[in-house]
> 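Before I ask anything, here is the structure I am working with.
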Amino acid sequence: MNAVNPLASGERLFISGNEAVARGAWGAGCKVMAAYPGTPATEILEYASRMPEMYSEWSVNEKVSLEICIGASLAGSRALCAMKHVGLNVASDALMTQTLIGVGGGLVIAVADDVGLSSSQNEQDSRFWGRFAHVPVLEPSDAQEAYDLTRFAFDLSEQFDTPVILRMTTRICHVKGVVGTSQRRAHNSGVGFSKDPARLVMIPTNAKHRIPLMYQREEKLQRFSEESELNLLKDGSDNRIGFVTSGPVYMHLQEAYPEAPILKLGMSYPVPIGKIRDLASRVEQLVVAEEVEPILEGEIKAAGVRVLGKEILPRIGELAPQALRPAIGRLLGEAPSVEEPVPGHPLADVPEVKVPPPPPGSSLFPRPPTMCVACPHLGIYYCLSKIRNKAISGDIGCYTLGAGHPWNALDTTICMGASMGVAHGLDKGRTDVDKDQKIIAVIGDSTFMHMGMQGLLDITYNRGNVTILLLDNRAVGMTGGQDNPGSGRDIHGKESPRINFAKLCEALGVKPERIHEVNPYELPILFKALREEVKVDDTSVIITNQPCVLVDFYAAKPPFRVEDDKCTGCKNCLDVGCPAIYVTRRETVVKPNGKEKELAFVRIESSACTGCNLCPSTCGPDAIVPVENFIRH
Ligand code: SF4
Ligand code: SF4
Ligand code: SF4
């Protein structure tokens, strides 16, 4: 163990790709790291924050995190910002001009694509940004490469005066492997911030001169890519098929086709077409295996090289061995076709495989995502379910789970902060059919600060009529409870100024009398505020003020239980959606009017119940009572 830094260096460690990136940045002498939490990349910064030699911060969004790193780079230091794939959409405004000015200290953007959508609203391929911004893309295929390529990315950045994209995927981020680490290198550019308006002030006259330099840089990178050992041919004895691949698919191919030649692109942009052409000349058939989009495939075909790709391989999800084998097996004539061939297709006897088969373990009992026991959002959705004739635009966070059972509450969810603009559009675009519809937006504290504030400003500026539920749970709940300006703590848990949401909303144009702060566990008060504000022809904000149950300062209270003989099976408490409440028996009865009614008799798992007091207030017969003499361990 390193005596100065509690994190080991110069050792072999069993770590995830995310930790490897943080350690690789540390080893490269990186000084500044910034991120907004987002699965699957969140842990990169969490690990980095434990390394005292680096400044690290949770930024309010990905664009800000990139801008911080641009500034640090221009100041002469090495900097890395980390984000999930949709984060780079947000940060792209900065990237698309930053690529013109170049770097001071090395600048690395670690972006993680959620291939397979384990925790995202879409599936995107961040390699496109390399083409769009004319910057190199590095792709590790395991945790060791995540470490090595992160270190190398800083050198590449400085050598070619360019930001570098490190493209990760969920598998690389989360899967652990043995990683050999090195000591931290000192990085000293020798110069501080160097004033150079012609390079750094991107007005049209200056930018025009920078664009040709960017293209020259891209050409140099192209030559580098052709010569670099990052793009390595693993030779094989079976020349029936050769593969071009990048990222974790390399490992899957090695497992499924160990004898096949594989050109592994550690630097997947610019594309080393010469090396690909060379491999094509040595094999009977060239296949490009890439997650997600057919980017390499299109570029290889445009270069006149005959290659197969998404005609035979799935376009969504991971290219794990079980996705590769059926398609490649058919190509090799090893699996008989059961589908009709595509007429006129160059491989008329090879049926298309569009969707990968389920991964191993998918036969497990399905467990839909749900909110935690006593989540402060439960009462919100319980109350919303009682409001009629409404449209609810949701946002990205734990409260997106309100779209599921039993609440089925959300009508839209698009992207970070979109609840505001979408609600405003639903209001302004309403037709006579919806003239009395109540427009409601639901957004969390962190998402509001990330990208929602601007939407609220737009609503008030344009005299909109939206009831906004701002769910302040004092954490970025969905990604594990990271701090933000609403929690009053920084990434190290130290006290920071805590934003006052009521004042912030007032500053954004909401009338003070239309702003209410409520305890979401007090259902009568919450419901009254909601019912009154949806009737008002103005913009209102209802701020809930109770923390996520997973934050360290959440205080559980004595739990509740159900008195069996009092429970009438009315099911009201089930509408709260708390996972601690479970059904013990169902019965169907016939009402006096002849209609059937289903009853569900319930109990509470007292060891899980935190005594939040939500469900007792939904129980008419007072069947939910405190557990006496309970001792919480
Ligand atoms: S993590 Fe927190 S905010 Fe998210 S569902 Fe659980 S309690 Fe609710
Ligand atoms: S609300 Fe009360 S009476 Fe109704 S099912 Fe729940 S515990 Fe039983
Ligand atoms: S009081 Fe009810 S809603 Fe709250 S945690 Fe316990 S069972 Fe869940």
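Read the numbers this way: they start at 1 and go in the same order the structure lists the ligands and their atoms.
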> Angle class for the W407/Y381 ring planes (parallel below 30°, perpendicular above 60°, tilted otherwise)?
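Rings of W407 and Y381: tilted, as their planes differ by 30° to 60°.
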> Run the salt-bridge test on E596 and K591 with the 4.0 Å N-O cut-off and return the result as yes or no.
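No salt bridge links E596 with K591.
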> Partners of D622 by salt bridge (Lys or Arg N to Asp or Glu O under 4.0 Å), sequence neighbours excluded?
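Testing D622 for salt bridge (Lys or Arg N to Asp or Glu O under 4.0 Å), a comparison that skips the adjacent residues, returns none.
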> Would the distance check show the side chain of N465 and the main-chain N or O of D537 forming a donor-acceptor pair, the cut-off being under 3.5 Å?
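Not a single qualifying donor-acceptor pair exists.
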> Name the option, out of P626, P616, C615, that contains the heavy atom nearest to atom 2 (Fe) of ligand 3.
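Among P626, P616, C615, the closest heavy atom to atom 2 (Fe) of ligand 3 comes from C615.
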> What is the closest protein heavy atom to atom 6 (Fe) of ligand 3, and at what distance does it sit?
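For atom 6 (Fe) of ligand 3, the nearest protein heavy atom is C609 SG, 2.3 Å.
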> Do NZ/NE/NH1/NH2 and the carboxylate oxygens of K535 and E533 come within less than 4.0 Å?
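Not counted as a salt bridge, because no side-chain N and carboxylate O are separated by less than 4.0 Å.
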> Check ligand 3 against F560 and write out every atom of the ligand that is under 4.0 Å from a heavy-atom position of the residue.
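Answer for ligand 3: 1 (S).
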> Is R23 positioned over the aromatic face of Y147, cation under 6.0 angstrom from the ring centre and no more than 45 degrees off axis?
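Not satisfied by the 6.0 Å and 45° rule.
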> For E532, give me all partners under side chain to side chain donor-acceptor pair (under 3.5 Å), at least two apart in sequence or on another chain.
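Partners of E532 under the side chain to side chain donor-acceptor pair (under 3.5 Å) test: K528.
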> Assess whether a salt bridge exists between R127 and D113, defined as any Lys/Arg side-chain N lying under 4.0 Å from an Asp/Glu carboxylate O.
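No, this pair does not count.
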> Side chain, backbone, both or neither: which part of C578 comes within less than 4.0 Å of ligand 3 when only heavy atoms are counted?
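The side chain, only.
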> Taking the cut-offs as 6.0 angstrom to the six-membered ring centre and 45 degrees off its axis, would you call K503 and F501 a cation-pi pair?
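No cation-pi geometry.
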> I need the contact type for L378 against ligand 3. Using non-hydrogen atoms and a strict under-4.0 Å cut-off, is it side chain, backbone, both or neither?
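Neither part.
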> Please report the number of protein N, O or S atoms that lie less than 2.8 Å from atom 8 (Fe) of ligand 2.
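Of the protein's nitrogen, oxygen and sulfur atoms, 1 lie under 2.8 Å from atom 8 (Fe) of ligand 2.
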> Do E506 and K511 sit within salt-bridge range, that is, some charged N less than 4.0 Å from a carboxylate O?
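A salt bridge is absent here (no side-chain N lies under 4.0 Å from a carboxylate O).
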> So if I count the atoms of ligand 3 from 1 in the order they appear, which ones are less than 4.0 Å from some heavy atom of V373?
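With V373 as reference, the close atoms of ligand 3 come out as 5 (S).
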> Given I624 and R561, is the side-chain contact (heavy atoms from CB on, under 4.5 Å) satisfied, shown in steps?
CA-CA 6 Å; I624 301 177; R561 66 180 176 88; over 6 Å; no
> Output yes when K390 and D434 qualify as a salt bridge under the 4.0 Å nitrogen-oxygen rule, no when they do not.
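Not counted as a salt bridge, because no side-chain N and carboxylate O are separated by less than 4.0 Å.
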> Looking only at protein heavy atoms, which one is nearest to atom 4 (Fe) of ligand 3, and how far off is it?
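Checking every protein heavy atom, the shortest distance to atom 4 (Fe) of ligand 3 gives C612 SG, 2.3 Å.
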> Take a 6.0 Å sphere around CG of D564 and say whether it holds more than 12 heavy atoms from other residues, nucleotides or ligands.
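Yes.
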> Tally every protein N/O/S atom whose distance to atom 4 (Fe) of ligand 1 is less than 2.8 Å; waters are neither shown nor counted.
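Counting protein N, O and S atoms closer than 2.8 Å to atom 4 (Fe) of ligand 1 gives 1.
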